[in-house]
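Report on the following structure.
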Amino acid sequence: MDHLDQLESQSVYILREAFNRIDKVLLLWSLGKDSNVMVWLARKAFFGHVPFVVGHIDTGRKFPEMYAFRDRYAKEWNLNFLKEDCPPMEETDPTLPRAARSAARKTLGLRNTIAKHGFTGVIAGIRRDEEAVRAKERYFSPRGDAGQWDFRDQPPEFWDHFNTDLPPGTHLRIHPLLHWTEVDIWRYIERERIPVVDLYFARNGKRYRSLGDQDITNPMASNATTIAEIIAELEATRAPERAGRAMDRETEDAFERLRADGYM
Amino acid sequence: MNAQAVREQLRTVIVGHVDHGKSTLVGRLFHDTGSLPEGKLEAIKAMCERRGMPFEWAFLMDSFQSERDQGITIDTAQIWFKTKKRDYVIIDAPGHREFIKNMITGASSADAALLLIDAGHGIQQQSRLHGFLLNLLGIKQVAVLVNKMDLVGFDASRFGEIREQYIRYLDGLGVRPDYFVPLSARDGDNLVNRSTRMGWYSGPTVTEALDSFHPTLRPTDLPLRLPVQDVYKFDDRRIIVGRVESGRFSVGDQLLFSPSNKTARIASIESWHRPGKAVVAQAGQSVGITLDEQLFIERGEIASHVQDAPRETSVFRGRIFWLGQEPLRVGNTYQLKLLTRSSPVTVQKIERVFDADSLTDRPGVEVPRHGVADVILRSHAMLALDEGRTLARSGRFALSDGHNILAGGVVSMEGYPDQRDALTVKSQNLRRVEHRVPEAARSARNGHRGGVLWFTGLSGAGKSTLAMAVEQELFARGYHVYVLDGDNVRHGLNANLGFSPDDRAENIRRIGEVAALFADAGMIAITAFISPYRSDRQRAREAAKGAFHEIYVEADIETCEQRDPKGLYKKARRGEIAEFTGLTAPYEAPDAAELTVDTRDLDVEKSIKRILDYVERHIAIASQVR
């Protein structure tokens with residue numbers, strides 16, 4: 001088994017645990033590279049069939065290329081697809097900085113979706129190497145009834161024994177990609193030939209490294225037009241992956257506050 | 001395949017007492033290997049300036065605002081860096097006693113560990129406990145880093161002193177660290193670059209030590225252990241899925257599932273989007289297989305080859321670390337999680353509680369939070385498991401209270417027999433075992449025979465009080481026990497019966513039959529009815545076929561009337577109850593009860609004890625323990 005096989009095996013194990021242990025599971029599909037890998041891993045885990053609701057919490061502000069991608073692959077991959085809209089900006093916490101408020105819409109949208117459909121598990125494609133607060137996550141992370149994350153008192157998790165039995169009213173976040181890095185994701189996309197949105201590839205000297213809402217996501221300078229070139233670029237760079245995501249850096253604890261409140 | 005993709009990765013945890021410099025080590029390591037993300041150094045500087053403090057490397061990993069404000073690592077974090085040789089995942093584990101659960105969460109997934117000891121303060125409580133826990137977690141590759149050498153003037157004799165002390169301590173655990181490295185993490189001495197201030201040291205630097213360690217992969221050359229994670233039926237295939245924890249298998253191999261003792265051959269290995277059809281699988285892979293027969297297999301079973309199956313037992317010893325808020329106590333029941341199996345277990349005994357400081361142990365009645373102890377756990381169901389020292393992954397477990405994981409532990413089967421033989425009916429035709437459960441197998445699994453404890457006596461003699469207390473106590477001791485309560489039975493099974501003499505006799509007859517079924521199913525049924533007629537009790541005795549234990553709860557009518565817990569005697573005296581046993585209807589005392597408990601002489605506690613002693617002597621089977 002090589003490194004990618006090991007990563008895949010661990011993710012498949014976690015997805016199967018989620019399927020076995022949790023009643024109503026929503027797999028969040030943000031249309032980015034990571035959640036595409038996650039859908040792909042679910043198809044591996046369940047032999048071509050995705051036994052979860054695959055949901056897109058739509059801000060309405062994504063790139064047109066992302067919507068086209070979504071509509072095509074929801075059908076092609078035979079997904080049990082669910083689209084839910086985010087509430088307007090006015091409903092978010094006005095004390096948050098501007099871009100963070102934009103992100104907070106997604107948190108609210110997710111909270112509403114969970115309440116509306118009664119989901120008890122939410123699978124999200126976050127990785128430890130993306131951001132320092134995410135580095136402290138568990139594979140199975142319990143959330144309060146409003147989706148809050150009590151990061152000061154997380155349950156122990158070892159030897160692949162997860163805390164999967166929760167009191168009613170709470171839900172679990174499941175993070176099957178927690179142990180992957182950005183480069184791992186691209187190598188796996190390359191090996192498995194997983195489709196991704198074209199925006200990741202350079203056009204006119206710029207490409208998107210991370211995809212979010214159009215108005216708060218910026219492209220980076222790059223000439224990488226193939227996956228191999230992207231991998232080579234990532235091997236060389238020391239710029240953080242989410243450098244183009246304004247919401248992470250407006251204040252020192254902006255991202256921590258977002259996550260404590262239930263942001264993915 | 002791209003050569004980069006197969007680069008090796010080593011997972012390393014950094015442990016040690018609080019403030020001995022773990023987070024600083026990580027920060028400096030990243031800086032010196034050129035692994036810091038762009039802008040991170042500036043961000044940390046800004047955070048420090050905002051707090052009016054000198055530059056603090058720990059802020060690289062201490063990503064929570066509360067961690068930075070308090071200058072303490074709360075939760076474990078992971079971060080990636082690379083040397084020329086390979087990629088590393090660095091796991092930072094908190095050193096504060098309060099966050100042991102987070103330290104274990106971080107350390108449990110590591111291939112190797114760096115354990116820091118402050119050169120000035122020397123070996124502290126958590127230095128010892130972390131060493132102890134690394135051993136329990138099965139982490140064999142350890143480098144001890146004696147940090148803050150700059151604060152002791154780079155003194156070789158201070159380094160030597162700490163090394164000798166710590167080696168002596170670890171010897172008691174049978175652990176020998178691979179390296180001792182004198183270090184100044186803050187200044188980077190002997191971290192990536194060799195120190196110019198400790199010429200007396202010729203061993204490896206920290207990165208050289210790391211590069212000499214090996215990733216620990218799941219062992220392919222040990223016996224096959226494939227725990228069943230789930231069974232899928234998405235299409236016409238019935239696929240059994242799980243991850244191979246050790247060993248390997250091929251299509252066509254015969255598998256034995258434990259503890260159900262069913263066997264079948266592997267018909268195929270299933271997968272999606274993989275080139276070709278696999279015919280072999282090995283440790284580490286998450287697989288799906290189909291069998292040549294449609295066995296009923298559930299999550300939790302362990303598949304192995306027939307000749308080197310796991311052990312089967314209902315009792316085992318675990319060396320545990322306890323994380324629960326409340327202490328672990330004898331008689332408490334927890335949910336055992338062993339691979340994919342989940343099953344209740346009861347703490348039968350606490351053999352010894354360790355003092356991690358002195359490595360001495362003492363007997364105890366409870367294990368406190370963060371304690372380490374050897375405990376005997378008894379399961380109601382048969383378990384399949386392995387000796388932890390031989391097969392780590394099927395020989396370790398967690399305990400949970402149903403919501404939270406409270407403990408982890410390693411199995412030791414020293415002194416316990418394999419119970420597989422007791423369960424298997426010796427027969428040429430193995431398949432018959434599925435359909436025939438002999439009485440001896442039920443007893444072996446339960447640790448006791450089935451039986452009926454038939455309490456008889458006047459109203460107010462104490463039958464219900466004793467029945468409920470005995471049930472509670474037997475349950476705590478791991479017995480399958482149930483009280484057939486008069487009101488409950490009359491609400492359901494006997495709802496059509498009134499209180500005429502015929503109906504009363506029928507009431508007792510049905511209870512006798514139901515109690516006999518319980519006994520036959522291997523359980524202990526306790527009944528607490530006046531049951532005044534010898535003939536009724538005799539019929540119940542015959543129904544239970546030798547498993548009937550008549551317990552006469554004796555008290556004379558005067559005593560009972562004085563107690564009158566339900567006010568029934570008063571009502572009867574007023575004529576409100578017709579045919580009240582002892583007053584207006586007869587009570588036929590037993591002439592040869594198995595046990596008589598005279599509640600006039602004995603208080604409740606002594607009465608209970610007498611009944612429990614009887615059960616231990618006559619219904620329990622000789623314990624395998626001790």
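So that the names make sense, note that chain A is the first sequence line, chain B the second, and so on, each numbered from 1.
Of the residues considered (B:Arg11, B:Arg50, B:Arg393, B:Gln282), B:Arg50 shows the highest number of contacts with chain A, using heavy-atom pairs under 4.5 Å. Among A:Leu178, A:Asn20, A:Asp129, the residue with the largest count of heavy-atom pairs under 4.5 Å with chain B is A:Asn20. No other option in B:Asn404, B:Val241, B:Ile104, B:Leu323 has as many heavy-atom pairs under 4.5 Å with chain A as B:Val241. Most heavy-atom pairs under 4.5 Å with chain B, from the set A:Trp40, A:Phe162, A:Phe158, A:Phe47: that is A:Phe47. When each of B:Thr340, B:Asp230, B:Ile100 is checked for heavy-atom pairs under 4.5 Å with chain A, B:Asp230 comes out on top. Of the listed residues (B:Lys101, B:Lys337, B:Gln229), the greatest number of heavy-atom pairs within a distance under 4.5 Å of chain A belongs to B:Gln229. Ranked by non-hydrogen atom pairs under 4.5 Å with chain B, the options A:Gln10, A:His179, A:Arg43 are led by A:Arg43. Between chain B and the options A:Arg138, A:His49, A:Glu137, the largest number of non-hydrogen pairs under 4.5 Å is found for A:Arg138. Between chain A and the options B:Asp235, B:Leu339, B:Val89, the largest number of non-hydrogen pairs under 4.5 Å is found for B:Leu339.
Heavy atoms of A:Glu8 lying under 4.5 Å from chain B belong exclusively to its side chain. Interface residue B:Arg237: only side-chain heavy atoms are found under 4.5 Å from chain A. Of the atoms belonging to B:Thr220, not a single heavy atom falls under 4.5 Å from chain A. Neither the backbone nor the side chain of A:Glu241 has a heavy atom closer than 4.5 Å to any heavy atom of chain B. If you measure heavy-atom distances from A:Ala260 to chain B, you find no contacts under 4.5 Å at all. Residue B:Ser400 does not touch chain A at all, counting heavy-atom pairs closer than 4.5 Å. Contact annotation for A:His161: both backbone and side-chain heavy atoms come within less than 4.5 Å of a heavy atom of chain B. In this structure, chain A has no heavy atom under 4.5 Å from any part of B:Ala392. Neither the backbone nor the side chain of B:Ile79 comes within contact range of chain A, judged by heavy atoms closer than 4.5 Å. When heavy atoms are compared at a cutoff of 4.5 Å, A:Pro142 does not approach chain B at all. Using a 4.5 Å cut-off between heavy atoms, A:Tyr188 makes no contact with chain B at all.
Taking each heavy atom of B:Leu338 and B:Ser394 in turn, the nearest pair found is CD2-O, 3.7 Å. When all heavy atoms of B:Ser246 and B:Ala283 are compared, the closest pair comes out as CA-CB, 3.7 Å. Across A:Asp34 and A:Gly125, no two heavy atoms sit closer than the pair CB-O, 3.7 Å. When all heavy atoms of A:Pro176 and A:Ile14 are compared, the pair lying nearest together is CA-CG2, 4.0 Å.
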(message) Please determine whether salt bridge (Lys or Arg N to Asp or Glu O under 4.0 Å) holds for the pair B:Asp92 and A:Lys136, giving the CA-CA distance in whole Å, both sets of side-chain angles, and the decisive distance to 0.1 Å.
(response) CA-CA 10 Å; B:Asp92 185 27; A:Lys136 305 234 173 196; 5.6 Å; no
(request) Check the pair B:Ile289 / B:Glu270 against side-chain contact (heavy atoms from CB on, under 4.5 Å), numbers first and verdict last. (result) CA-CA 6 Å; B:Ile289 56 169; B:Glu270 298 295 325; over 6 Å; no
(request) Show your reasoning for whether salt bridge (Lys or Arg N to Asp or Glu O under 4.0 Å) applies to A:Glu182 and A:Arg187. (result) CA-CA 9 Å; A:Glu182 187 184 11; A:Arg187 288 202 181 112; over 6 Å; no
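Side-chain atoms of A:Glu157 come within 3.5 Å of backbone N or O of A:Phe140 as a donor-acceptor pair.
With respect to A:Glu17 and A:Arg21, no salt bridge is recorded, no charged nitrogen being found less than 4.0 Å from a carboxylate O. Ion pairing between a basic and an acidic side chain is recognised when a charged N comes within 4.0 Å of a carboxylate O; B:Glu42 and B:Lys40 show no such pairing.
A cation-pi arrangement is absent between A:Arg207 and A:Phe201, since the terminal nitrogen or guanidinium carbon is not both under 6.0 Å from the aromatic centre and inside a 45° cone about the axis. Cation-pi geometry between A:Arg128 and A:Tyr139 is met: under 6.0 angstrom from the ring centre, within 45 degrees of the axis.
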